[in-house]
Every structure is written in C-alpha cells, then in structure tokens.
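Accompanying notes for the structure given below.
On a predicted model such as this, the values are computed, not experimentally measured, just so you know.
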Amino acid sequence: MRYELVIFDNDGVLVDSEPLSNTILAAYLTELGHPTSYEDSLRDYMGGAVHRVHDTVLERTGRRLPEGFDEEFHTRVFAAFARELEVVAGVPDMLAKLVAEDVPYCVASSGSHERIRVGHHKTGLDRWFPEGRVFSAQDVGRGKPAPDLFLHAAERMGVAPEHCAVVEDSPLGVRAARAAGMDVYGFTAMTPAAKLGTATGYFDDMGQLLGLLA
C-alpha cells in the first residue's frame with residue numbers, strides 16, 4: 001500500500017450515525033425556535049463539531065443556544081445510539097484486511113471522545129480502535145474544516161501528512177484533509193461525489209476502499 005497511515009472519519013464512515021444524529025439535531029433546533037429540516041442539518045452541520053452549531057445559529061439569528069444544549073443533545077443522541085446504531089457495512093472486514101497487511105490506521109472525528117466510544121462500544125468497533133488510535137476535535141483548538149485534527153492525528157501516529165490517506169464522507173472533512181496536505185477518499189453512501197469537492201477518489205462500498213489505497 002502506498003500510504004503509511006489511513007485516517008478514518010467516524011460518523012457516517014465507520015458507524016452509520018449521521019441519519020440518527022442529524023434527525024435529532026434538526027428536531028432539537030426546531031424545538032428551540034430555530035426551524036431546521038433534516039436536509040438543513042446535513043447541509044450545515046454534517047462532519048462538523050458541535051461548536052459549529054453554536055456558531056452558525058448565533059451568526060444567523062443573533063441568539064445563543066441554551067447553556068445545556070450540548071449535554072441535552074448528546075443525551076438524546078446516545079439514547080438513539082443505544083437503540084439503533086449499526087456499523088457501516090463492510091467496515092469490520094476492511095479493518096481486518098488493514099491489520100493483516102500491517103497498515104497503521106486511526107480515527108479522527110469531529111465528535112467528542114465520549115460520542116466515539118459510545119458508538120464503538122455499541123457496534124463492536126472498540127476492539128479495532130484502542131485509545132491510542134482515537135482522536136477527537138476535543139484534542140485541538142479548531143474542528144473541521146480546519147486541518148488541525150488530521151495534522152494532530154498524523155503527528156501522534158508518527159507519520160508525515162503527505163503519507164496519509166483520509167477517508168471522509170462530508171464536504172467539511174474533505175476540505176480539512178486537503179488543507180492538511182493529505183489525500184482524501186470520499187465515501188459517497190450518503191453524500192454525492194459532486195458535493196465532496198476535490199477528493200482524490202470516491203467509493204460507495206467499503207469493499208472498494210483498499211483497492212483505491214493500493
């Protein structure tokens with residue numbers, strides 16, 4: 001394989017969480033007086049850290065979200081994860097092949113460490129991602145589309161950015177990977193390739209990924 005490190009986004013790439021979390025986010029924002037559809041939530045917030053929600057609402061309305069917004073949102077999301085969250089099809093087989101080929105990998109997510117761990121525990125992915133392979137926007141000052149998180153993950157894993165491949169499913173994530181000087185492969189199961197910007201390549205099935213990385 002021509003890459004020394006594969007960096008995975010989490011939501012929508014490893015766990016099928018985007019439909020759940022964006023449905024909940026849209027409903028909660030609407031409940032708080034900020035009418036938001038599911039499509040609005042995907043367009044504006046998919047791939048971003050929760051501070052992006054605060055910043056966007058404040059910029060558009062001049063109003064701040066309530067102090068307990070993050071805690072309540074995550075409580076609702078984690079409850080949905082416990083009921084319904086599933087691993088993205090093909091991910092365990094793909095990870096097993098990376099291990100068999102001795103290719104280093106990690107996850108770099110806009111979600112909190114708690115959110116990553118809750119999702120991985122529910123889906124069984126925790127066996128593939130021990131603590132040293134998990135990086136969150138909590139670890140850096142700025143979330144995606146800034147490159148900070150991907151650069152942090154690469155540094156911690158001991159690999160230069162130009163030798164990294166990122167797997168993303170959101171426009172924000174693709175922009176962040178490009179800003180970090182990394183190749184990025186767009187997973188199009190939810191987001192059409194045309195919306196993923198200047199990705200290095202595109203795929204819609206996890207079984208196709210290793211062929212792109214070879």
Side-chain angles (χ1 to χ4, degrees), residues 1-18 46-47 81 85-113 115-140 144 147-170 172-191 193 196 198-214:
M1 187 170 293
R2 55 199 168 103
Y3 297 103
E4 297 177 14
L5 176 66
V6 182
I7 305 176
F8 292 97
D9 176 44
N10 188 57
D11 293 293
V13 170
L14 299 176
V15 295
D16 192 18
S17 53
E18 293 292 8
M46 181 176 168
F81 281 7
L85 187 64
E86 296 182 356
V87 67
V88 169
V91 163
D93 288 344
M94 179 269 298
L95 292 173
K97 291 175 181 176
L98 284 178
V99 171
E101 296 183 20
D102 199 27
V103 177
Y105 64 89
C106 65
V107 59
S109 172
S110 292
S112 66
H113 279 283
R115 177 181 172 124
I116 298 166
R117 283 298 174 212
V118 167
H120 284 194
H121 179 71
K122 173 62 168 61
T123 58
L125 287 180
D126 45 0
R127 64 171 291 213
W128 300 101
F129 290 94
E131 184 175 347
R133 293 179 185 262
V134 177
F135 305 100
S136 162
Q138 286 182 310
D139 303 330
V140 296
K144 304 169 188 177
D148 305 37
L149 176 56
F150 289 137
L151 292 172
H152 171 71
E155 181 181 11
R156 290 290 301 273
M157 295 293 290
V159 178
E162 61 268 24
H163 298 308
C164 297
V166 174
V167 183
E168 266 287 354
D169 72 328
S170 74
L172 292 177
V174 170
R175 287 167 55 194
R178 282 306 197 189
M182 300 176 181
D183 284 352
V184 54
Y185 294 86
F187 184 43
T188 60
M190 276 193 62
T191 307
L196 288 178
T198 58
T200 309
Y202 306 92
F203 67 106
D204 61 8
D205 185 296
M206 279 295 161
Q208 302 167 344
L209 177 59
L210 297 191
L212 291 174
L213 300 179

Please examine the side chains of [Y] and [X], heavy atoms only from C-beta on, and report whether any two atoms are closer than 4.5 Å.
X	Y	value
W128	L14	no
L125	V15	yes
D183	V166	no
V103	E4	no
L196	T188	yes
T191	M46	yes

Smallest separation among heavy atoms of [X] and [Y], with atom names:
X	Y	result
I7	A108	CG2-CB, 3.6 Å
L149	K144	CD2-CE, 4.0 Å
M182	L151	CE-N, 4.2 Å
I116	S109	CD1-CB, 3.6 Å
L98	M1	CD2-CE, 4.1 Å
V167	V6	CG2-CG1, 4.0 Å

Separation of [Y] [atom2] from [X] [atom1] (nearest 0.5 Å):
X	Y	atom1	atom2	result
L209	M94	CG	CE	5.5 Å
D204	D169	CG	CG	13.0 Å
Y105	L95	OH	CG	5.5 Å
C106	H152	SG	NE2	9.5 Å
S136	N10	OG	CG	10.0 Å
E18	D11	CD	CG	5.0 Å

Look only at the side chain of S170 and the backbone of G173, and say whether a donor-acceptor pair between them is shorter than 3.5 Å.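 Between the backbone of G173 and the side chain of S170 there is a qualifying donor-acceptor contact (under 3.5 Å).
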Where the side chain of S110 meets the backbone of A137, is there a donor-acceptor pair that is under 3.5 Å apart?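 Here the side-chain-to-backbone pair does not exist.
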Tell me, with the steps shown, if R115 and S17 meet side-chain contact (heavy atoms from CB on, under 4.5 Å). CA-CA 10 Å; R115 177 181 172 124; S17 53; 4.3 Å; yes
What I want to check is whether the side chains of T200 and R178 have a donor and an acceptor closer together than 3.5 Å.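 Checked: T200/R178 side chains pair up, N/O donor to acceptor below 3.5 Å.
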Side chain to side chain donor-acceptor pair (under 3.5 Å) against H121, all qualifying residues, sequence neighbours excluded: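 Checked H121 against side chain to side chain donor-acceptor pair (under 3.5 Å); matches are D126.
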Would you please test F135 and M157 for side-chain contact (heavy atoms from CB on, under 4.5 Å) and show each step? CA-CA 10 Å; F135 305 100; M157 295 293 290; 4.0 Å; yes
Among residues two or more places apart or on two chains, list those pairs meeting salt bridge (charged side-chain N to carboxylate O under 4.0 Å, His left out) that have a residue in residues 85-107.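 Listed by first then second residue: nothing to list.
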Considering only residues two or more places apart or on different chains, which pairs with a residue in residues 155-164 satisfy salt bridge (charged side-chain N to carboxylate O under 4.0 Å, His left out)? none
Could you check, using the six-membered ring where one of them is a Trp, whether H163 and Y3 have ring centers closer than 6.0 angstrom?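 H163 vs Y3: aromatic centres not under 6.0 Å.
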Tell me whether the centres of the aromatic rings in Y185 and Y202 are closer together than 6.0 Å.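 No, the ring of Y185 stays outside the 6.0 Å limit from the ring of Y202, centre to centre.
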Between L85 and T123, is a side-chain contact (heavy atoms from CB on, under 4.5 Å) present by the stated rule, with each step listed? CA-CA 7 Å; L85 187 64; T123 58; 4.0 Å; yes
Can you classify the ring geometry of H120 versus F129 as parallel (below 30°), tilted (30 to 60°) or perpendicular (above 60°)? tilted
